[in-house]
Number of protein chains: 2
Amino acid sequence: MPAFGFQPHDHADCIRTTLAQADAYCAQHKLKLTPIRRRALEILLAEHRALGAYDLLAVLAEDGLGTAPPVAYRALDFLTSAGFAHKIEGLNAYIACAHFGADHSPAFLICTSCKSVAEAETTATQGRLGEAARAAGFTISRTVVEALGLCPQCQEAPCA
Amino acid sequence: MPAFGFQPHDHADCIRTTLAQADAYCAQHKLKLTPIRRRALEILLAEHRALGAYDLLAVLAEDGLGTAPPVAYRALDFLTSAGFAHKIEGLNAYIACAHFGADHSPAFLICTSCKSVAEAETTATQGRLGEAARAAGFTISRTVVEALGLCPQCQEAPCA
DNA sequence: GCTTGATATGTTATAGTATTACATTTAGCA
DNA sequence: TGCTAAATGTAATACTATAACATATCAAGC
């Protein structure tokens, strides 16, 4: 069972409700959740882990939804622009958003052993980064906040 | 004149003193600041901007210090391991450390217009990320904290 | 001084990540 | 219907990074 904040949960429900929310959000904002885009989101949602663009592409290819890299990158562009997914810069990988809907400044806890990712909610203007920005007269448009380390499970059992 | 925390400063002195500190640190810790490594640091120090590995390699090549990618990546590995440089994950680029010497958890303000980078000092266990980690039982080994936006100069004059 | 082992460098090839460019198709709308 | 914008198909290429292995350098101990 995948982790959510490193906690077990009803993952089938987790996928179902997020897709439903994405459908509703797109209807409301006149965005098109096309078959490729919807399937890409579903694939990312399948695990609370970050997937590489080419990993995503491989699954899309199995489904006959495209084989060339732009297929995956376009879907990821859409999903990240809409706030349905995030890029984990430290891994060059992508993950479904765990706090659906609104614009937000996510922060990630990334387990370097099992590759699980937990998403925490933050705001760009809080904390030390916000302080530093205000002091420097710097205007933040996007933040990348990632912590690499070991999740509770992997601290106890340090196997791969 | 390059920016330092987006402030003008004596940059020649900034380079000189940092190289001297690096020499001293290496002597003290039995690390070898070989010609390639020293020149790589000098190149990164030349600007308070992030350079791609291949940008660095191009300059090293001009100096006859190597032409193949591993030359640049090895130098960068050494410099980042020693704490003399950091990787900016959001840009896949590298920058000389502005707070020399100690282990630290840097945070960066990155101007998307002029590509200047300012480095702020933080600690991994403070702030909201540290809170989230403690709450989840997660052990942090490394943090990536980057803010993309506009520096004071580029807010006023939004040219490239 | 010589040997040895560890570290550093030289070099080729390749893996992994991402974009450009342009042709074609589809969907919404005047 | 015909127009326009958005989405998709596809080939080629650019950018980022590492693997693998040969060679060279250097310091420690004999």
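Since the structure is predicted, the reported quantities are computational estimates derived from the model, not experimental observations. Order of the sequence lines sets the chain letters (A, B, ...), proteins ahead of strands, with each chain counted from 1.
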Student: Let me know the distance between CG of Leu51(B) and P of dC15(D), rounded to the nearest Å.
Tutor: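 So the two atoms are 15 Å apart, to the nearest Å.
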Student: Could you tell me whether the side chain of Tyr54(B) has a donor or acceptor atom within less than 3.5 Å of a complementary atom in the base of dA14(D)?
Tutor: no
Student: Over how many whole Å does the gap from Ile36(B) atom CD1 to dT7(C) atom P extend?
Tutor: 17 Å
Student: Give Tyr94(A) one of three labels, base, sugar-phosphate or nothing, depending on what nucleic acid heavy atoms sit under 4.0 Å from its own.
Tutor: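 It contacts sugar-phosphate atoms only.
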Student: Can you check the Arg74(A) CZ to dC22(C) P distance for me, whole Å?
Tutor: 14 Å
Student: For residues Cys151(A) and Phe138(B), determine if any side-chain heavy atom of one lies less than 4.5 Å from a side-chain heavy atom of the other.
Tutor: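 Yes; the side chains approach each other to less than 4.5 Å.
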Student: Rounded to the Å, how far apart are Lys30(A) NZ and dG28(C) P?
Tutor: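 After rounding, the reported distance stands at 11 Å.
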Student: Looking across every strand, which nucleic acid part, if any, lies under 4.0 Å from Lys87(A) by heavy atom: base, sugar-phosphate, or nothing?
Tutor: sugar-phosphate
Student: Please state how far atom CG in Leu31(B) lies from atom C1' in dC26(D), giving the value in whole angstrom units.
Tutor: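 Rounded to the whole Å, the gap is 15 Å.
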Student: For Lys32(A) and Leu91(A), take the nucleotide of DNA chain C holding the closest heavy atom to each; which residue's nucleotide lies nearer the 5' end?
Tutor: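 Residue closer to the 5' terminus by nearest nucleotide: Leu91(A).
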Student: Whole angstrom is fine here: how far is it from CG in Asn92(A) over to C1' in dC15(D)?
Tutor: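 After rounding, the reported distance stands at 11 Å.
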Student: Is there a path from Val144(B) to Ile140(A) through hydrophobic residues (I, L, V, M, F, W, Y) whose side chains come within less than 4.5 Å of each other?
Tutor: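 Result: no, two separate clusters.
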Student: To the side chain of Thr34(B), which of dG10(C), dA8(C), dA18(C) is closest?
Tutor: dA8(C)
Student: Report yes if the side chains of Cys114(A) and Arg49(A) come closer than 4.5 Å at any heavy-atom pair, otherwise no.
Tutor: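 No, their side chains stay 4.5 Å or more apart.
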Student: Measure from CZ on Arg37(B) to P on dA8(C) and round the result to the nearest Å.
Tutor: 4 Å
Student: What's the shortest heavy-atom distance between Ala82(B) and Tyr25(B), and which atoms?
Tutor: O-CE2, 4.1 Å
Student: Counting heavy atoms from C-beta on, name the nucleotide in dT19(C), dT8(D), dA8(C) closest to the side chain of Pro70(A).
Tutor: dT19(C)
Student: Does the side chain of Ile110(A) reach to within under 4.5 Å of the side chain of Leu91(A), using non-hydrogen atoms?
Tutor: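 Counting from C-beta outward, Ile110(A) and Leu91(A) do come under 4.5 Å.
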Student: Considering heavy-atom distances to DNA chain C, does Glu89(A) or Gly64(B) have its closest nucleotide positioned more toward the 5' end?
Tutor: Gly64(B)
Student: Using atom CD1 of Ile88(A) as one end and atom C1' of dT17(C) as the other, report the distance to the nearest whole Å.
Tutor: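 In whole Å, dT17(C) C1' and Ile88(A) CD1 are 16 Å from each other.
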Student: Tell me which nucleotide among dT10(D), dT12(C), dT16(D) gets nearest to the side chain of Ala68(B).
Tutor: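 Looking only at side-chain atoms, Ala68(B) lies closest to dT12(C).
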